[in-house]
Amino acid sequence: MIGYLTMLENEFNFTEQINLKATLDGGQAFRWHYDGGGYRGTVGSQVLWVYEDEKNTTVSYINNSKSQIDRRLVSKYLDLEFDLEIFSNKYSKDKYINSKIKQCSGLRILKQDPWETTVSFITSSASNVEKIKKNINDLCIFAGERLGDGRYDFQFPSAEQILDLGEEELRKMGFGFRSPYIIDAARRMSIGKLNFRFIEDADYEDSINHLMEIKGVGKKVADCILTYGFGRRDSFPVDRWVRRGLVGPMGFNSKKTNEQLSDMARTKYGLDSAYVQHYIFYGEKTKKKNLEYI
DNA sequence: ACTCAGGGTCGAC
DNA sequence: GTCGACCCTGAG
């Protein structure tokens, strides 16, 4: 993969703290690939290459067809306006949360495309990150528009493109029992029954219920879609990893269901819910076995 | 070769 | 509210 060097005028850098590996390839997004010292992926119809050195982080546009770099879009995507220092200070006295923030400092929550996020987290159920990545990237390669000359330079397919593919093709690609769920989401999307504008303006309950009308979307997946696709901060997805942190070191009642735990955590953490949850998720997932948190 | 579980959810009881 | 089924894949 050489050839970036001719494009280097199409780039910008920033100094906000960010942990690229944890943020781009830590289980919230599935289409960033480590390549040549940085991460290559797409945002919308742009192919990006992101890398860091001692001083700052650089975002480079590989296939920039426009003359202007849309810095604001990338900033929003990476959630650079979120003040990690304030967040960190706020929980400095909470032994467990503080240890998780220290464990993976620079971890941010991405603001991804809602449609891609919806399909990705339907795909995630009873799966694992490696398989989700394989499924989602195969789908993009097979049904999405090519954006660049890289192995993974594809735009995420539209609802119509996925409908054209059909359930059987999804099964052949390895989506398994999730295939009809993805078709249901695509059908709702294409007829306007799945309405992202509504979700953007609705309160938490209404947003969750709207998403849960999709087959294969339960409370947990709906929470993930709101967190990683809509930038909501009052959502608290509870999966097996987060549950482990909540009922273990954080002392929540282990008899509660994940849904109950989510409600309790939302009440407790309010608008910090999404970030607290994500630090628990990533921290628990990457924790070395047989190593206590302190 | 065989079992098991991985960012859950659905439908029947 | 509980429980098995659901597809596939890599690890033990």
Side-chain angles (χ1 to χ4, degrees), chain A residues 21-32 100 104 107-110 112 114 116-139 142 162 165-188 194 208-230 232 235-248 252-263 265-266 273-287 289-290:
Chain A
K21 179 175 168 50
T23 302
L24 299 176
D25 196 20
Q28 59 171 318
F30 306 97
R31 259 164 18 94
W32 287 94
K100 291 297 152 199
C104 39
L107 171 62
R108 290 175 186 272
I109 294 178
L110 298 171
Q112 301 180 68
E116 174 169 352
T117 309
T118 300
V119 176
S120 296
F121 282 91
I122 290 173
T123 303
S124 76
S125 89
S127 188
N128 55 68
V129 173
E130 289 312 308
K131 184 167 179 248
I132 300 164
K133 283 163 80 170
K134 180 185 181 301
N135 287 152
I136 293 301
N137 282 287
D138 284 350
L139 177 62
F142 207 74
I162 290 176
L165 201 62
E167 180 181 332
E168 285 315 305
E169 285 302 315
L170 289 175
R171 284 188 182 271
K172 284 181 193 165
M173 291 171 67
F175 281 85
F177 62 80
R178 306 160 195 85
S179 305
Y181 300 159
I182 291 168
I183 294 297
D184 184 60
R187 190 159 290 141
R188 286 172 182 278
L194 173 55
I208 287 285
N209 290 333
H210 189 75
L211 287 169
M212 283 178 64
E213 288 173 14
I214 304 169
K215 285 240 170 48
V217 176
K219 180 63 164 45
K220 189 273 175 184
V221 169
D223 267 326
C224 284
I225 296 168
L226 291 183
T227 305
Y228 306 116
F230 285 90
R232 286 197 88 109
S235 51
F236 201 109
V238 177
D239 66 356
R240 52 188 85 194
W241 295 104
V242 174
R243 180 185 181 82
R244 199 171 297 182
L246 289 174
V247 305
F252 282 75
N253 187 342
S254 62
K255 291 196 179 77
K256 301 289 184 185
T257 65
N258 285 357
E259 205 165 322
Q260 290 171 322
L261 289 171
S262 175
D263 283 340
R266 285 188 69 238
S273 291
Y275 263 92
V276 169
Q277 177 274 155
H278 197 59
Y279 270 91
I280 296 170
F281 168 74
Y282 189 81
E284 287 298 324
K285 203 170 160 43
T286 58
K287 185 170 70 177
K289 286 190 175 113
N290 306 321

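A note on names: the letters A, B, ... follow the listed sequences, proteins ahead of strands, and every chain is numbered from 1.
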Engineer: Could you tell me the separation between the CG atom of A/Leu170 and the C1' atom of C/dC6, rounded to a whole number of Å?
Structural biologist: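 Taking CG of A/Leu170 and C1' of C/dC6, I get 16 Å after rounding.
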Engineer: Between A/Ile182 (CD1) and B/dG8 (P), how many Å, whole number?
Structural biologist: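 Going from CD1 in A/Ile182 over to P in B/dG8 covers 15 Å.
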Engineer: Look at all strands and tell whether A/Glu130 reaches a base, only sugar-phosphate, or nothing, counting heavy atoms closer than 4.0 Å.
Structural biologist: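 Counting heavy atoms under 4.0 Å across all strands, no contact is made by A/Glu130.
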Engineer: Can you tell me how the ring of A/Tyr228 sits relative to the ring of A/Phe121, calling it parallel under 30°, perpendicular over 60° and tilted otherwise?
Structural biologist: parallel
Engineer: The test is side-chain contact (heavy atoms from CB on, under 4.5 Å); show your working for A/Trp241 and A/Ile280 and say whether it passes.
Structural biologist: CA-CA 8 Å; A/Trp241 295 104; A/Ile280 296 170; over 6 Å; no
Engineer: Does a side-chain N-to-carboxylate-O contact under 4.0 Å join A/Glu167 and A/Arg171?
Structural biologist: yes
Engineer: Nearest to the side chain of A/Arg171 - B/dG8, B/dC10, C/dC7?
Structural biologist: C/dC7
Engineer: Please compare A/Arg244 and A/Met212 by the position of their nearest nucleotide in DNA chain B and report the one closer to 5'.
Structural biologist: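 Mapping each residue to its closest nucleotide by heavy atoms, the 5'-most match is A/Arg244.
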Engineer: Counting only Watson-Crick or G-U wobble pairs whose two distances fall under 3.5 Å, which nucleotide matches C/dG10?
Structural biologist: B/dC4
Engineer: Taking only Lys NZ, Arg NE, NH1 and NH2, and the carboxylate oxygens of Asp or Glu, determine whether A/Lys133 and A/Asp25 approach each other closer than 4.0 Å.
Structural biologist: yes
Engineer: Report, as yes or no, whether the 6.0 Å neighbourhood of atom CZ on A/Phe142 holds more than 12 heavy atoms from other residues, nucleotides or ligands.
Structural biologist: no
Engineer: What nucleotide, of C/dC8, B/dG11, C/dC6, holds the atom closest to the side chain of A/Lys131?
Structural biologist: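 For the A/Lys131 side chain, the nearest candidate turns out to be C/dC8.
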Engineer: Classify A/Tyr282 by what it touches in the nucleic acid, base, sugar-phosphate, or nothing, heavy-atom distance under 4.0 Å.
Structural biologist: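 It contacts nothing in the nucleic acid.
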Engineer: Without decimals, in angstroms, what is the distance between A/Asn135 CG and C/dG10 C1'?
Structural biologist: 13 Å
Engineer: Kindly point out which of B/dG11, C/dC7, B/dG8 is positioned nearest to the side chain of A/Lys215?
Structural biologist: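 Out of B/dG11, C/dC7, B/dG8, the nucleotide with an atom closest to A/Lys215's side chain is B/dG11.
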Engineer: Planes under 30° and centres closer than 5.5 Å, is that true for A/Phe177 with the base of C/dC7?
Structural biologist: no
Engineer: Heavy-atom nearest nucleotide on DNA chain B for A/Phe30 versus A/Val217: which residue maps closer to 5'?
Structural biologist: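 Taking each residue's closest nucleotide, the earlier one in sequence belongs to A/Phe30.
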Engineer: Provide, to the nearest angstrom, the distance between the CG atom belonging to A/Asp223 and the P atom belonging to B/dT9.
Structural biologist: 9 Å
Engineer: Just how far, in rounded Å, is C1' of C/dG10 from NZ of A/Lys134?
Structural biologist: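 To the nearest whole Å, that distance equals 12 Å.
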Engineer: Could you measure between the two P atoms, the one in C/dC7 and the one in B/dA12, and give it in whole Å?
Structural biologist: 15 Å
Engineer: Look at all strands and tell whether A/Glu259 reaches a base, only sugar-phosphate, or nothing, counting heavy atoms closer than 4.0 Å.
Structural biologist: nothing
Engineer: What is the distance, to the nearest angstrom, from the CD atom on A/Gln260 to the P atom on C/dG1?
Structural biologist: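 Taking atom P of C/dG1 as the reference, CD of A/Gln260 is at 8 Å.
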Engineer: Taking atom C1' of C/dC8 as reference, at what distance in whole Å does atom NZ of A/Lys172 sit?
Structural biologist: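 These atoms are roughly 16 Å apart.
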Engineer: Measure NZ/A/Lys133 against C1'/C/dC8 and give the value in whole Å, please.
Structural biologist: 18 Å
